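The next block holds one structure in the form of structure tokens; read it before the comments.
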Amino acid sequence: MHYWLMKSEPDTFSIDDLQVRPNQTEHWDGVRNYQARNMMRDEMKLGDLVFFYHSNCDEPGIVGIAKVVKEGYPDFTAFDPDDKHFDPKSNADKPTWIMVDVQFVKKLSRTISLKELKLKTELADLALIRRGNRLSIMPVTEAQWQFILALE
DNA sequence: GCCAACGTTGGC
DNA sequence: GCCAACGTTGGC
């Protein structure tokens, strides 16, 4: 059982969007970073829990929880020339990019903001708040997970 | 294989 | 809108 944090821009896809999807489930397409891809391909397992993080918005922070309901499989948006995330180097026989499906679990009662997370010495090692980090998917230790949940 | 140029991310 | 940080690309 692993814990994760996944970033999404709420203007593009928010926790509310996830909540109203059929089965409250959506595929996490569009990741075009090898490190993030490798985590989805190799380490994300059914039932893993995910902090849903809103980035590039008024109050960046953790807004909810999701869980992994389908393990890594080819990101078909890479095959579609009309898709924003089209990648001509990826094809169905040998897909470069991988995604997982996540399902809504809950919204937090409040946003646990990046600003707040940065103040906690307990979270100094969290990838999210290390300077210059741009990974859209990152691991969270169980201790970090429990600590953050207790902030709600 | 080096590295400059360029594009993207994402906080502010 | 700005810009720092970082990943990728492509010439050599």
Side-chain angles (χ1 to χ4, degrees), chain A residues 2-21 26-44 48-68 71-141 143-145 147-152:
Chain A
H2 288 115
Y3 299 94
W4 305 93
L5 182 145
M6 295 169 94
K7 296 179 187 173
S8 186
E9 301 190 13
D11 287 347
T12 306
F13 188 72
S14 71
I15 186 83
D16 295 317
D17 294 326
L18 180 62
Q19 189 171 12
V20 299
R21 281 291 190 272
E26 184 63 293
H27 48 268
W28 203 268
D29 64 281
V31 172
R32 296 293 179 268
N33 170 282
Y34 287 103
Q35 222 181 321
R37 186 233 20 215
N38 292 349
M39 286 188 271
M40 287 198 290
R41 185 189 60 192
D42 303 332
E43 297 176 56
M44 278 197 177
D48 281 3
L49 291 173
V50 177
F51 279 135
F52 198 110
Y53 178 91
H54 281 175
S55 66
N56 236 332
C57 55
D58 284 348
E59 191 185 25
I62 295 167
V63 294
I65 295 174
K67 69 177 174 186
V68 177
E71 296 180 3
Y73 64 105
D75 181 344
F76 53 77
T77 65
F79 311 145
D80 178 0
D82 294 328
D83 194 278
K84 184 175 174 231
H85 300 290
F86 174 61
D87 180 356
K89 294 194 294 298
S90 185
N91 61 72
D93 291 336
K94 204 162 180 275
T96 307
W97 303 113
I98 297 294
M99 61 187 175
V100 298
D101 286 358
V102 299
Q103 182 175 41
F104 178 85
V105 173
K106 63 179 272 194
K107 278 169 79 167
L108 299 186
S109 57
R110 67 182 187 90
T111 298
I112 301 175
S113 70
L114 176 63
K115 194 174 161 188
E116 181 177 354
L117 296 171
K118 279 181 168 172
L119 293 173
K120 307 295 182 186
T121 53
E122 291 88 342
L123 301 175
D125 291 332
L126 186 65
L128 179 72
I129 60 185
R130 286 210 305 265
R131 198 164 138 269
N133 173 70
R134 286 169 34 196
L135 268 184
S136 62
I137 298 175
M138 66 193 74
V140 175
T141 66
Q144 289 164 344
W145 179 274
F147 180 82
I148 292 168
L149 271 188
L151 297 175
E152 183 189 5

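Sequence lines set the chain letters: A, B, ... in the order given, protein chains first and strands last, and positions in each chain run from 1. Computed from a predicted model, the values in this text were never measured in an experiment.
- One can place CZ of A:F13 at 16 Å from P of B:dG10, the figure rounded to the nearest angstrom.
- One interatomic measurement links the two molecules: CD1 of A:I62 to P of B:dG11, which rounds to 12 Å at whole-angstrom precision.
- For A:L128 and B:dG11, the CG to P distance is 8 Å, given to the nearest whole Å.
- Listed by first then second residue, pairs satisfying side chain to side chain donor-acceptor pair (under 3.5 Å) with a partner in residues 54-67 of chain A read A:E9-A:N56, not counting sequence neighbours.
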For A:D29 and A:K84, run side chain to side chain contact (heavy atoms under 4.5 Å, CB included): C-alpha distance rounded to whole Å, both residues' side-chain angles, the deciding distance at 0.1 Å, then the answer. CA-CA 11 Å; A:D29 64 281; A:K84 184 175 174 231; over 6 Å; no

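- Applying the salt bridge (Lys or Arg N to Asp or Glu O under 4.0 Å) test to every pair with at least one member in residues 73-83 of chain A, sequence neighbours left out, gives these pairs: A:R32-A:D75.
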Write down the protein N/O and nucleotide N/O pairs, taken from nucleotides 3-9 of chain B, whose separation is under 3.5 Å; answer none if there are no such pairs.
from, atom 1, to, atom 2, distance (Å)
B:dT8, O2, A:R134, NH2, 3.2

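- Spacing between atom CD of A:E59 and atom C1' of B:dG10 amounts to 15 Å, rounded to whole angstrom units.
- By the ring pair (Phe, Tyr, Trp, His ring centres under 6.0 Å) test, A:F147 pairs with no residue at all, sequence neighbours left out.
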Go through the steps for A:D101 and A:W28 under the test side chain to side chain donor-acceptor pair (under 3.5 Å), then give the verdict. CA-CA 6 Å; A:D101 286 358; A:W28 203 268; over 6 Å; no

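- Taking both residues in full, the closest heavy atoms of A:P95 and A:F79 are given as CB-CZ, 3.9 Å, listed atom of the first, atom of the second, then distance.
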Check the pair A:R130, A:D125 against salt bridge (charged side-chain N to carboxylate O under 4.0 Å, His left out), reporting the backbone distance first and the verdict last. CA-CA 7 Å; A:R130 286 210 305 265; A:D125 291 332; 5.4 Å; no

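- Residues from residues 111-124 of chain A placing a heavy atom under 4.0 Å of any atom in DNA chain B, listed by number, are A:L114, A:K118.
- Sequence neighbours left out, the pairs with a member in residues 109-118 of chain A that pass side chain to side chain donor-acceptor pair (under 3.5 Å) are A:S109-A:E152, A:R110-A:E116.
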